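Since this is a predicted model, take the numbers as computed values, not measurements. Count residues from 1 along the sequence.
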Amino acid sequence: MAATVYFTHDVSPESVVALYRKLAIELPGKVAVKVHSGERGNQNYLTPEFWKPMVDEVHGTIVEC
């Protein structure tokens, strides 16, 4: 079975939420949002503000890995 892959060139909080919405699913119960945000100062560091819209979308709790 082939996997469906979603991709965006736009790395933004809004595009993360839009990709989640494309899945057309709702996560029931308590939701943990597991992220590796990188380390402050690194070029790929994603701030908590970046993830907030996604966490709010799923009514989740951040779990840093």
Side-chain angles (χ1 to χ4, degrees):
M1 176 167 71
T4 301
V5 177
Y6 298 92
F7 177 83
T8 181
H9 286 284
D10 177 26
V11 180
S12 68
E14 296 78 19
S15 67
V16 172
V17 171
L19 289 171
Y20 168 72
R21 289 181 180 162
K22 281 196 173 284
L23 296 173
I25 61 170
E26 188 170 326
L27 301 173
K30 293 182 180 181
V31 177
V33 179
K34 183 179 177 185
V35 298
H36 177 69
S37 57
E39 297 175 2
R40 189 175 303 275
N42 288 346
Q43 71 182 38
N44 295 324
Y45 175 68
L46 299 172
T47 66
E49 293 79 20
F50 179 94
W51 289 110
K52 185 177 182 346
M54 183 64 210
V55 173
D56 291 347
E57 178 75 16
V58 298
H59 307 286
T61 301
I62 292 180
V63 179
E64 178 75 29
C65 64

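- Leu27 is linked by a side-chain contact (heavy atoms from CB on, under 4.5 Å) to Tyr20, Ile25, Val31, Val58, counting only residues two or more places apart in sequence or in another chain.
- Residues that satisfy the side-chain contact (heavy atoms from CB on, under 4.5 Å) test with Pro48, not counting sequence neighbours, are Tyr45.
- Counting only residues at least two apart or in different chains, salt bridge (charged side-chain N to carboxylate O under 4.0 Å, His left out) contacts with residues 49-62 comprise Arg21-Glu57, Lys52-Asp56.
- Partners of Lys22 under the side-chain hydrogen bond (donor to acceptor under 3.5 Å, both in side chains) rule, at least two apart in sequence or in another chain, do not exist in this structure.
- In terms of heavy-atom proximity, Val63 sits nearest to Ala32 at CG2-CB, 3.6 Å.
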With a cut-off of 3.5 Å and sequence neighbours excluded, list every side-chain donor-acceptor pair involving residues 3-10.
unit_1 : atom_1 : unit_2 : atom_2 : d
Thr8   : OG1    : Asp10  : N      : 3.0
Asp10  : OD1    : Ser12  : OG     : 3.4
Asp10  : OD2    : Ser12  : OG     : 3.0

